[in-house]
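Read through the structure below, which is laid out as structure tokens, and then see the notes.
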Amino acid sequence: MSLVSSADMSTTSYANSKLFSLQGGNKSSGLSTQLYSSDKHKMMYMPESFHGPSYDPKFFMDSPSEELIHPLGHDESSYPTNYELDYFVNQSSDAIEYDEVKMRLKLQELEHALLDEDEVVIGPGHSMELDEDWANPSRMLHDSPKESSSSESSNFSSISSSKELSVPSPPRTPKQLLFNCATMIAEGNLDEAATMIVELRQMVSIQGDPSQRIAAYMVEGLAARLAASGKVLYKALKCKEPPSLDRLAAMQILFEVCPCFKFGYMAANAKIIEAIKNEKKVHIIDFDINQGNQYIMLIQSLAEQSNKPVQLRVTGVDDPESIQRPIGGLKNIGQRLEALGELVGVAFEFKAVPARTPLVTPAMLECRAGEALVVNFAFQLHHMPDESVSTINQRDQLLRMVKSLNPKLVTIVEQDVNTNTTPFLSRFSEVYSYYSAIYESLDATLPRESQDRVNVEKQCLARDIVNIVACEGEDRIERYEVAGKWRARMLMAGFSSRPMSKNIRDMIQQVIVSQYCNRFTLKEEIDELHFGWEEKNLVVTSAWT
């Protein structure tokens, strides 16, 4: 999870708010068939039934012929010539003998079925102009009284022309168009993709239902991938300023309104409290303290314990390139936590380590004798590149370094989805499914018109989506893995799993029942707790020694 505080992004209608301006032609494609033979006065009959959804009337109006057809009664002139009858017989797949009267009856039946009982003469020296019924293909296809009345009436006659009939596809949903666009990009059809992006931007809205909102942000990811600007956009979506002492960040709101993230923190905190219940001095190292949300809850929970530690010390590793350090963000977070500790009676000390995580050494962490050491990875490990990115596997290297510290407990909270090593199209599908569930869950906790919802989605979720969809290699920072992969990494680093107790499960289940709807779920699998929305797992928490 990319953890940011706020961003300055417009909240106008998404259809009119574009992060990118792409140039692309308007190309269209569809099924087509020739209705005329090379001799445009000969009528051809096709043995296949046509089941297309609709015609494009404009195509017929563009016919190069200027001759008109006038409806006539059923006289001799309304039937095909013998030459045309011979042509039909010769082209038929059955190629059997027909007499003229029988043939006229069959042709008359075809005319009635096709033209909704309107009589039209087609003969030598005439071409065709559409009347109102023919120009309304939906009526012709669905309202004909003889539709499917016989095998003959289900066959369309082909009418001679030098143009093709373009058969448009049914209207596509934003989801269908999104996946088609992703496929075009994967296949290198960039002009087609650019055209689809323009169309998509007119179909989606950050104020709409979950399907429109997820599409609104994913289309910008596709646009960024097409423009090779994902890295620039990812950095641009960082917060403009850190949270102040009295202002909640968007990420803090997210953990309240999308409780699966909050549940992950709660489970990790409960496991920490279990592990340190008899400890007097506790040192917690956090490799991405974010806005301190987890420790606000932890300090409050410790305050309620009769055997709370005499001293709680938290070390927060802070990337010097983050927006927090230059303008005092991490300092504000530390001050807020210290003020809370003083208020509730928990002795609290905070220290920031200004270094990129891969460069952190044990000496920089200042572990002290007599302290119970806890290491917390909350939505952080997926930011570390692994063997799929570089020969220097920073992800596993960090885990081995932590194991060398001999911690009493290591907790991991991560998003349960695979965006690390999967190819682009599979990754695109995973992201759509995962974030669709998150967006649906937000509708259960916040009104559709809520500005908090808009801010959370733009400032906390859009950045992740853009990075996953648009970027590759070292530029792709948001590299989530499924729970099983984290388990394998921890075991390889020498850790053993610690199961979550029944008390922890029951406590969180009670919160779900009392504060949220029953569509939020809690599952236990192989010592891990999975939190999700309906059948979709979103966040997993595990503990290790």
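Because only heavy atoms are used, hydrogens play no part in the values below, and waters and symmetry mates are left out as well, while side chains stay in.
- Residues Asn455 and Gln451 have side chains that bring a donor and an acceptor to within less than 3.5 angstrom of each other.
- In terms of heavy-atom proximity, Ala543 sits nearest to Lys271 at CB-CG, 3.5 Å.
- When atom types are taken as modelled, the side chain of Arg498 and the backbone of Leu409 share no donor-acceptor pair closer than 3.5 angstrom.
- You'll find the side chain of Phe263 stays beyond 4.5 Å of the side chain of Val539, heavy atoms only.
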Test side-chain contact (heavy atoms from CB on, under 4.5 Å) applied to Ile438 and Trp533, step by step: CA-CA 7 Å; Ile438 291 181; Trp533 174 254; over 6 Å; no
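- One side chain, His382 or Glu414, offers a donor N or O that lies under 3.5 Å from an acceptor on the other.
- Using a 4.5 Å cut-off on side-chain heavy atoms (C-beta onward), Met218 and Lys175 make no contact.
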Derivation of the salt bridge (charged side-chain N to carboxylate O under 4.0 Å, His left out) call for Arg225 and Glu472: CA-CA 9 Å; Arg225 187 179 184 91; Glu472 296 293 349; 3.1 Å; yes
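- Remark: Leu405 CG is packed, more than 12 non-hydrogen atoms of other residues, nucleotides or ligands lying under 6.0 Å away.
- The residues Asp443 and Arg213 are annotated as salt-bridged, a charged nitrogen and a carboxylate oxygen being separated by less than 4.0 angstrom.
- Salt bridge status for Glu457 with Arg463: absent, with no side-chain N to carboxylate O gap under 4.0 Å.
- Of all non-hydrogen atoms in Pro499 and Asp527, the two that sit nearest each other are CB-OD1, 3.3 Å.
- Put simply, CE on Met184 and CG on Leu226 are 12.5 Å apart, with the number rounded to the nearest 0.5 Å.
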Verdict with reasoning, His530 to Glu524, per side-chain hydrogen bond (donor to acceptor under 3.5 Å, both in side chains): CA-CA 6 Å; His530 296 255; Glu524 183 179 14; over 6 Å; no
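- For the residue pair Tyr295 and Asp286, a side-chain donor N or O sits within less than 3.5 Å of a side-chain acceptor on the partner.
- Residues Val219 and Cys181 fail the side-chain proximity criterion, which asks for heavy atoms closer than 4.5 Å.
- A side-chain N or O of Asn376 and one of Thr411 form a donor-acceptor pair less than 3.5 Å apart.
- There is no side-chain donor-acceptor pair under 3.5 Å between Asn467 and Asp464.
- Checked by atom type and distance alone, the side chain of Arg427 pairs as donor or acceptor with a backbone atom of Ile468 at under 3.5 Å.
- The cationic atom of Lys403 (NZ for Lys, CZ for Arg) lies less than 6.0 Å from the six-membered ring centre of Phe495 and within 45° of the ring axis.
- Residues Asn418 and Glu430 have side chains that never bring a donor and an acceptor to within less than 3.5 angstrom of each other.
- In this structure the side chain of Leu222 reaches within 4.5 angstrom of the side chain of Phe428, judged on heavy atoms.
- The aromatic rings of Phe520 and Tyr516 stand perpendicular to each other, their planes meeting at an angle above 60°, with 30° marking the opposite boundary.
- Of the possible donor and acceptor atoms, one in the side chain of Asp209 sits under 3.5 Å from a partner among the backbone N and O of Gln212.
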side-chain contact (heavy atoms from CB on, under 4.5 Å) assessment of Phe377 paired with Leu398: CA-CA 11 Å; Phe377 291 111; Leu398 176 62; 3.7 Å; yes
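- When only modelled atom types and interatomic distance are considered, Gln394 and Asp386 share no side-chain donor-acceptor pair under 3.5 Å.
- Counting only N and O atoms by type, the side chains of Asp452 and Ser450 include no donor and acceptor under 3.5 Å apart.
- Here Arg336 contributes atom CZ and Ile299 contributes atom CD1; the two are 11.0 Å apart, rounded to the nearest 0.5 Å.
- The closest donor-acceptor contact from the side chain of Ser436 to the backbone of Tyr432 lies under 3.5 Å.
- In summary, the side chains of Asn503 and Ser501 do not present any donor paired with an acceptor at a separation below 3.5 Å, with no hydrogens or angles considered.
- Listed here is the closest heavy atom pair of Gln415 and Tyr480: OE1-CE2, 3.2 Å.
- Shown here for Leu442 and Cys258, the closest heavy-atom pair between the two residues is CD2-CB, 3.9 Å.
- To the nearest 0.5 angstrom, Cys471 atom SG is 11.0 Å from Phe424 atom CZ.
- Put simply, the side chain of Ser404 gets close to the backbone of Met401: a donor and an acceptor are under 3.5 Å apart.
- Panel note: side chain Arg476, backbone Thr419; a donor-acceptor pair is recorded below 3.5 Å.
- Checked by atom type and distance alone, the side chain of Ser388 never pairs as donor or acceptor with a backbone atom of Thr421 at under 3.5 Å.
- Side-chain contact check for Asn537 versus Phe531: every heavy-atom pair is 4.5 Å or farther apart.
- Counting heavy atoms of neighbouring residues, nucleotides and ligands inside a 6.0 Å radius, atom NZ of Lys277 does not exceed 12 of them.
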side-chain contact (heavy atoms from CB on, under 4.5 Å) evaluation trace for His283 with Leu312: CA-CA 6 Å; His283 180 199; Leu312 174 62; over 6 Å; no
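- Taking a cutoff of 4.0 Å between a charged side-chain nitrogen and a carboxylate oxygen, Glu534 and Arg519 qualify as a salt bridge.
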Verdict with reasoning, Asn269 to Met297, per side-chain contact (heavy atoms from CB on, under 4.5 Å): CA-CA 8 Å; Asn269 282 348; Met297 293 190 293; 3.7 Å; yes
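- Scanning all heavy atoms of the two residues, the minimum distance from Gly221 to Val469 falls at C-CG1, 3.6 Å.
- Leu337 is not listed as a side-chain neighbour of Val314, based on a closest heavy-atom distance of 4.5 Å or more.
- The CD atom of Gln305 lies 8.5 Å from the CD1 atom of Ile276; values are rounded to the nearest 0.5 Å.
- Annotation: the span from Trp486 atom CH2 to Glu481 atom CD amounts to 5.0 Å, rounded to 0.5 Å.
- Within the model, atoms CE of Met500 and CD1 of Ile508 stand 8.0 Å from one another, a figure rounded to the nearest 0.5 Å.
- For the pair Thr195 (side chain) and Asp191 (backbone), a donor-acceptor distance under 3.5 Å is present.
- With Glu371 as the partner, the side chain to side chain donor-acceptor pair (under 3.5 Å) test is satisfied by one option alone out of Lys408, Lys281, Gln311, Arg313: Arg313.
- Across all non-hydrogen atoms, the minimal contact from Val360 to Phe287 is CG1-CE2, 4.2 Å.
- In this structure a side-chain-to-backbone donor-acceptor pair under 3.5 Å is present from Ser514 to Gln510.
- Centroid-to-centroid, the aromatic rings of Tyr217 and Tyr435 stay 6.0 Å apart or farther.
- Salt bridge status for Glu440 with Lys536: absent, with no side-chain N to carboxylate O gap under 4.0 Å.
- A 4.5 Å side-chain heavy-atom check between Leu529 and Leu522 finds at least one atom pair inside the cut-off.
- When side chains are defined from C-beta on, Pro210 counts as touching Arg448, because their heavy atoms get closer than 4.5 Å.
- Using modelled atom types and a 3.5 Å distance limit, the side chains of Thr541 and Glu528 yield no donor-acceptor pair.
- Distance alone, capped at 3.5 Å, is enough to place a donor-acceptor pair between the Asp416 side chain and the Ala483 backbone.
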